[in-house]
Amino acid sequence: MNLKKQTQLILNNLEEEESCFSDLMIKLSEQKKAIESQNEERVLQIIKEKSALIEKFKNLENEVETHLQLLSPKDMEDLAQEGRVLKESIESLLEKIIRLEEECEKGISSKMQDIGKRILGLQKGKKIGEGYGRYQKIRPLISKKI
């Protein structure tokens with residue numbers, strides 16, 4: 001395969017990765033809204049959709065790696081110059097994705113803490129209730145040993 005075709009393939013794959021990250025950003029925004037509205041089913045659905053996008057990204061990244069191994073160091077430098085804007089765009093998207101993921105994680109952990117507090121409150125209420133409402137077992141008057 002000639003050099004131009006090789007570099008063009010790499011650039012095309014990187015553009016697809018950028019598109020994949022853009023789609024991931026959209027899914028993360030939807031996930032954040034679903035977490036805020038406490039729509040568990042939608043959150044789980046979005047996580048599955050995100051997994052598919054991440055898998056697509058991994059495949060593209062593997063393809064880029066295999067093509068990069070075929071290039072010489074000088075060709076890699078030329079490719080880096082050619083794809084500089086694309087690289088900056090991808091890095092910017094990754095930073096935004098990380099920030100959104102952290103916000104979603106904080107939202108979920110906050111909800112989990114609230115649920116934990118409710119569970120503890122219910123357990124305390126159950127212990128208090130046991131002191132009032134439990135009846136002792138009624139034992140038979142005649143022993144079973146007879």
Side-chain angles (χ1 to χ4, degrees), residues 5-73 75-145:
K5 204 171 189 182
Q6 194 79 358
T7 56
Q8 191 58 45
L9 262 171
I10 292 171
L11 288 173
N12 288 344
N13 283 344
L14 289 174
E15 287 172 358
E16 285 185 52
E17 283 182 21
E18 181 184 31
S19 162
C20 190
F21 286 147
S22 296
D23 294 344
L24 193 57
M25 282 287 298
I26 293 168
K27 293 296 174 192
L28 279 167
S29 298
E30 291 175 15
Q31 178 179 323
K32 185 176 178 183
K33 289 176 187 172
I35 289 170
E36 290 170 354
S37 66
Q38 297 182 1
N39 187 347
E40 294 172 21
E41 290 177 22
R42 181 67 182 137
V43 171
L44 292 174
Q45 179 186 4
I46 291 171
I47 289 173
K48 287 179 185 175
E49 293 169 1
K50 282 179 12 185
S51 295
L53 286 171
I54 291 170
E55 191 63 36
K56 178 181 174 185
F57 162 74
K58 286 179 183 179
N59 292 336
L60 289 168
E61 190 64 22
N62 288 336
E63 218 174 293
V64 168
E65 284 296 319
T66 55
H67 290 297
L68 281 175
Q69 291 174 353
L70 301 173
L71 295 178
S72 70
D75 295 336
M76 282 188 182
E77 288 177 22
D78 294 341
L79 180 64
Q81 289 295 324
E82 211 173 314
R84 186 176 47 80
V85 174
L86 189 58
K87 176 189 168 209
E88 291 171 359
S89 173
I90 289 174
E91 287 174 349
S92 170
L93 280 170
L94 280 172
E95 288 172 1
K96 290 175 185 175
I97 287 170
I98 291 169
R99 195 170 338 120
L100 269 174
E101 277 289 354
E102 288 173 348
E103 289 175 12
C104 289
E105 182 182 352
K106 286 177 186 175
I108 289 174
S109 68
S110 164
K111 302 287 184 208
M112 291 298 291
Q113 287 177 349
D114 291 344
I115 290 170
K117 288 177 185 176
R118 283 191 212 156
I119 289 172
L120 285 175
L122 290 173
Q123 287 175 343
K124 287 179 184 176
K126 183 178 176 184
K127 287 180 183 177
I128 292 171
E130 285 176 359
Y132 287 104
R134 281 236 168 171
Y135 296 104
Q136 290 184 350
K137 261 188 170 177
I138 301 174
R139 298 188 182 193
L141 297 174
I142 303 174
S143 174
K144 291 184 179 183
K145 293 181 182 178

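Fair warning: this is a prediction, and the values are worked out from it, not measured in the lab.
Annotation for G83 and L11: closest pair CA-CD2, 4.0 Å, computed over non-hydrogen atoms. For F21 against L93, the heavy-atom pair with the smallest separation is CB-CD1, 3.9 Å. Across every non-hydrogen atom of L28 and C104, the tightest pair is O-SG, 4.1 Å. The heavy-atom pair separating I47 from Q31 by the smallest distance is CG1-OE1, 4.3 Å.
Here the CG atom belonging to L60 is positioned 12.0 Å from the CD atom belonging to E65, to the nearest 0.5 angstrom. Rounded to the nearest 0.5 Å, atoms CD (Q45) and CG (N39) are 9.0 Å apart. Atom-to-atom distance recorded for Q8:CD and H67:NE2 is 11.5 Å, nearest 0.5 angstrom. Separation of atoms CD1 (I115) and CG (L120) is listed at 12.5 Å; rounding is to 0.5 Å. Here the NZ atom belonging to K27 is positioned 14.0 Å from the CG atom belonging to L100, to the nearest 0.5 angstrom. The OG atom of S110 lies 11.0 Å from the CE atom of M112; values are rounded to the nearest 0.5 Å.
Within the 4.5 Å cutoff, no side-chain heavy atoms of K33 are placed close to those of R42. Taking the side chain as every heavy atom from C-beta outward, E17 and V64 approach each other to under 4.5 Å. Two residues are said to be in side-chain contact when any heavy atoms from C-beta on lie closer than 4.5 Å; S19 and D23 meet this criterion. Between K87 and R84 the shortest side-chain heavy-atom distance does not fall below 4.5 Å.
Counting non-hydrogen atoms of other residues, nucleotides and ligands closer than 6.0 Å to CD of E41 gives a total of 12 or fewer. Other residues, nucleotides and ligands contribute more than 12 heavy atoms inside 6.0 Å of the NZ atom of K50. Within a 6.0 Å radius of CD in E61, more than 12 heavy atoms belonging to other residues, nucleotides or ligands are found.
There is no side-chain donor-acceptor pair under 3.5 Å between E63 and N59.
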### Task
May I have the step-by-step check of salt bridge (Lys or Arg N to Asp or Glu O under 4.0 Å) for K56 and E16, ending in yes or no?
CA-CA 9 Å; K56 178 181 174 185; E16 285 185 52; 5.2 Å; no
### Test log, rule side chain to side chain contact (heavy atoms under 4.5 Å, CB included), inputs I10 and L79
CA-CA 9 Å; I10 292 171; L79 180 64; 3.6 Å; yes
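Looking at D75, L71, L68 one by one, the single match for side-chain contact (heavy atoms from CB on, under 4.5 Å) with Q6 turns out to be L71.
Salt bridge status for K111 with E40: absent, with no side-chain N to carboxylate O gap under 4.0 Å.
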